[in-house]
Structures are given as structure tokens and as C-alpha cells.
Trainee: 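I'd like to ask you about the structure that follows.
If you read the sequence from its start, that first residue is 1, and numbering goes on from there.
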Amino acid sequence: MPAVALSIAGSDPSGGAGIQADLKTFHQLGVYGEAAITLLTVQNSLGISRVEVMDGELVRQQIAAVLQDIPPAAAKTGALGSLEVVEAVAALAASFRFPLVVDPVMIGKHGSQLLSADAVQALRERLIPRATVVTPNLPEAEALTGMRATSPADINRMARRLCEMGARAAIVKGGHASGEPVDLLFDGDRFYEFHSPRLETRHTHGTGCTHSAALTAYLARGLSLIEAAAKAKEFIFEAIKTNPGLGAGCGPVNHHCYPGGS
């Protein structure tokens, strides 16, 4: 039987991010994907024009139905939208007996708000403590920790702070930094760095979703966090490198960059 992974995230009708990106990534990496939708967007490669957040109880029921019948071996969260949804997910996550990847999506690639201001504190206090690993980019890490990243030492402190907030591990992604995009993992004890060359392209829509989905898929398949982080970094690098060039704006990455999975 295949490993099973669950995405709890928003919908992107253009297919580059959110639930659509997660399910494609799960499938490509040999994992059976499930999805609980938290919000609907109207968007394409040029931007987001509308966001509608699901009722928190509806999100809770979606997740509960999955857990009852086809429980996952790992799960991830993406854009959650509202305080009500964050609280519903956090309450259920207290009973999870499998790894939970928390991708703290706050702002979309085009600048649209995907998490209400009153939900950020709940994310800090209720969901991050349930995380096996939290995977912010630099702006998200700054917003969550209240710290500024002006040096590698600052990023180390931010990763450590995220673990002090309750996460068992933190990966601070380096795509927004200057120079080489180094991802920093702190597992509560040691720091690990994952390197890749910087790729100059406008087609980076859904990179955070795709990276966290790959990480979740590898955890569902039984890899250790260090192994899963290394392979997720490789996957997103190849996905960006081989992007299909779709869209007039910030287009999607290639979720099929590993033929037959890897």
C-alpha cells in the first residue's frame, strides 16, 4: 500500500500553489494525497483577486473524515486564512500521531494576505507547538519571531526561537536572502545547511507549497527529517530549474521534475 499524506491548505485554480501543487507533488513522489480545503482563491500567474475562507467547522469535519477512514502517515498545513481555521486545525493536531509540517503561509506570491492578523498569534501559540517542523521563508520567520534577519547568525537565532516556541524543528528557507539560497534546519539540537545555486527566473509560483509538500511526502515515506529536508531541497531546485514557462506573470514550477517519482 502506498504511503498517505494530507494537505490542509487553500485552493489555487491556476494549479501552481496550494492544494493543487501539494497533490501533484505527493503523486510525483509516490504518495497517495488527501486534501482538506481551507480557503478558495481567484488567482493566476498575474495575481490574486479574491480570497474566501472556509468555515472552521467545515475544515474540521474534512480533516476528521480523513482521519477516521484513511489516516495519513504525515500531514502539512498551508494557507489557513482565519483565526477560526487555525484554532480548528490546532485542536485536531493535538491528537496527531504522525509528523506535521507547518508551512506558515501569510502572504501570497503577489502580496495578497492569506492569514488574518488575529490568526498570527494563534499560529504562534497553538499550531507551531504541534509542529514536527515549521518551514517559514525569511519574511514569515521575521513575522513569527519578531526578529530581523541581517546575518546568518540572526537566521540561526530565528530558527532556535521557533523551536523555543514549541516546534520540534524549524527550516528557515533562504530564497528571500541575497546570494545563494541556503535553507537552515535546526532540529532542537544541531544546525544543518542545505545549499543550491540561485536560479534566475520569474517562474517561482508555489515554491513554498511545493517544498513543504515534498518534505511531507518524504516524511510519509519514512525518511528521517534530515534526509527528507535534503531531498525536498533537491526537488524544489529541480522544479524551479525545469519550470514549464507557463503564464504571463510569475508562473508555476515543474511538479513533474522527477519522472516516476524519486
Trainee: Can Q43 and S49 be counted as having a side-chain donor-acceptor contact under 3.5 angstrom?
Mentor: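 Side-chain D/A pair, Q43 to S49: absent.
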Trainee: Does the side chain to side chain contact (heavy atoms under 4.5 Å, CB included) test come out yes or no for V51 and L114, once each step is laid out?
Mentor: CA-CA 8 Å; V51 178; L114 295 176; 3.9 Å; yes
Trainee: Could you check E180 against R198 for side chain to side chain contact (heavy atoms under 4.5 Å, CB included), going step by step and ending with a plain yes or no?
Mentor: CA-CA 5 Å; E180 185 184 51; R198 182 170 294 279; 6.0 Å; no
Trainee: For the residue pair L219 and V101, establish whether any side-chain heavy-atom pair is separated by less than 4.5 Å.
Mentor: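 Yes; the side chains approach each other to less than 4.5 Å.
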Trainee: Checking side chain to side chain contact (heavy atoms under 4.5 Å, CB included) against D183, which of N137, I155, I171, V172 comes through?
Mentor: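 Per the side chain to side chain contact (heavy atoms under 4.5 Å, CB included) rule, the option paired with D183 is I171, out of N137, I155, I171, V172.
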Trainee: Using the salt bridge (charged side-chain N to carboxylate O under 4.0 Å, His left out) rule, collect all pairs that involve residues 73-102, keeping only residues at least two apart or in two chains.
Mentor: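 Those involving residues 73-102 are D22-K76.
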Trainee: E57: what forms a side-chain contact (heavy atoms from CB on, under 4.5 Å) with it, not counting sequence neighbours?
Mentor: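 Checked E57 against side-chain contact (heavy atoms from CB on, under 4.5 Å); matches are D55, R60, Q61.
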Trainee: Answer yes or no: is there a donor N or O on one side and an acceptor on the other, between the side chain of N254 and the main chain of P244, under 3.5 Å?
Mentor: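 Side chain of N254 to backbone of P244, a donor-acceptor pair under 3.5 Å: no, none is there.
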Trainee: List for me each residue that meets side-chain contact (heavy atoms from CB on, under 4.5 Å) alongside A117, sequence neighbours excluded, and say none if there are none.
Mentor: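 Once residues adjacent in sequence are excluded, A117 has no partner under the side-chain contact (heavy atoms from CB on, under 4.5 Å) criterion.
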Trainee: Please examine the side chains of H255 and T210, heavy atoms only from C-beta on, and report whether any two atoms are closer than 4.5 Å.
Mentor: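 Contact flag for T210/H255 side chains = yes.
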Trainee: Under a 4.5 Å side-chain heavy-atom rule over Ile, Leu, Val, Met, Phe, Trp and Tyr, are L23 and F98 clustered together?
Mentor: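 Looking at the clustering, F98 is in the same group as L23.
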Trainee: Just checking, is any N or O donor in the side chain of T25 or Q28 under 3.5 Å from an acceptor N or O on the other one?
Mentor: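 No, because no side-chain N or O of T25 sits under 3.5 Å from a partner of the opposite role on Q28.
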Trainee: Are any non-hydrogen side-chain atoms of M106 and L144 less than 4.5 angstrom apart?
Mentor: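 Yes. Closest side-chain heavy atoms under 4.5 Å.
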Trainee: Does the side chain of H205 pick up a donor-acceptor pair with the side chain of S45 at under 3.5 Å?
Mentor: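 No, S45 and H205 have no side-chain donor paired with an acceptor closer than 3.5 Å.
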Trainee: Please test K173 against D103 for salt bridge (charged side-chain N to carboxylate O under 4.0 Å, His left out), starting from the C-alpha separation and ending with a verdict.
Mentor: CA-CA 11 Å; K173 298 173 291 190; D103 186 14; 3.7 Å; yes
Trainee: Regarding D154 and R157, does a basic nitrogen lie under 4.0 Å from an acidic carboxylate oxygen?
Mentor: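 Judged by the 4.0 Å cut-off on N to carboxylate O distance, D154 and R157 do form a salt bridge.
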Trainee: Where the side chain of S82 meets the backbone of V85, is there a donor-acceptor pair that is under 3.5 Å apart?
Mentor: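 Pair found, side chain donor or acceptor close to backbone of V85.
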Trainee: Just wondering, more than 12 heavy atoms not from Y192 lying within 6.0 Å of its OH?
Mentor: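 Yes, because the 6.0 Å sphere around OH of Y192 holds more than 12 heavy atoms from other groups.
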Trainee: Determine, step by step, whether L39 and S11 satisfy the side chain to side chain contact (heavy atoms under 4.5 Å, CB included) criterion, reporting the C-alpha distance in whole Å, the side-chain angles of both residues, the deciding distance to 0.1 Å, and the verdict.
Mentor: CA-CA 6 Å; L39 57 86; S11 170; over 6 Å; no
Trainee: Taking the side chain as C-beta and beyond, is there a heavy-atom pair between Y258 and E238 under 4.5 Å?
Mentor: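 A side-chain contact under 4.5 Å exists here.
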Trainee: Would you sort out whether T135 and H211 count as a side-chain hydrogen bond (donor to acceptor under 3.5 Å, both in side chains), showing the intermediate values?
Mentor: CA-CA 9 Å; T135 63; H211 170 269; 5.2 Å; no
Trainee: Tell me, do V31 and V4 make a side-chain contact under 4.5 Å, heavy atoms counted?
Mentor: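 Not touching, per the 4.5 Å side-chain cut-off.
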Trainee: Answer yes or no: is there a donor N or O on one side and an acceptor on the other, between the side chain of Q20 and the main chain of D12, under 3.5 Å?
Mentor: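 Here the side-chain-to-backbone pair exists.
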Trainee: Under the side chain to side chain contact (heavy atoms under 4.5 Å, CB included) rule, what do I63 and L6 come out as? Steps first, then yes or no, please.
Mentor: CA-CA 9 Å; I63 301 168; L6 167 65; 4.3 Å; yes
Trainee: State whether the side chain of R221 and the backbone N or O of L29 hold a donor-acceptor pair below 3.5 Å, judged by distance alone.
Mentor: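 Indeed, once roles are kept as given, a pair shorter than 3.5 Å links the two residues.
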Trainee: Taking the side chain as every heavy atom from C-beta outward, state whether I240 and T201 have any atom pair closer than 4.5 Å.
Mentor: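 Yes, close enough: below the 4.5 Å cut-off.
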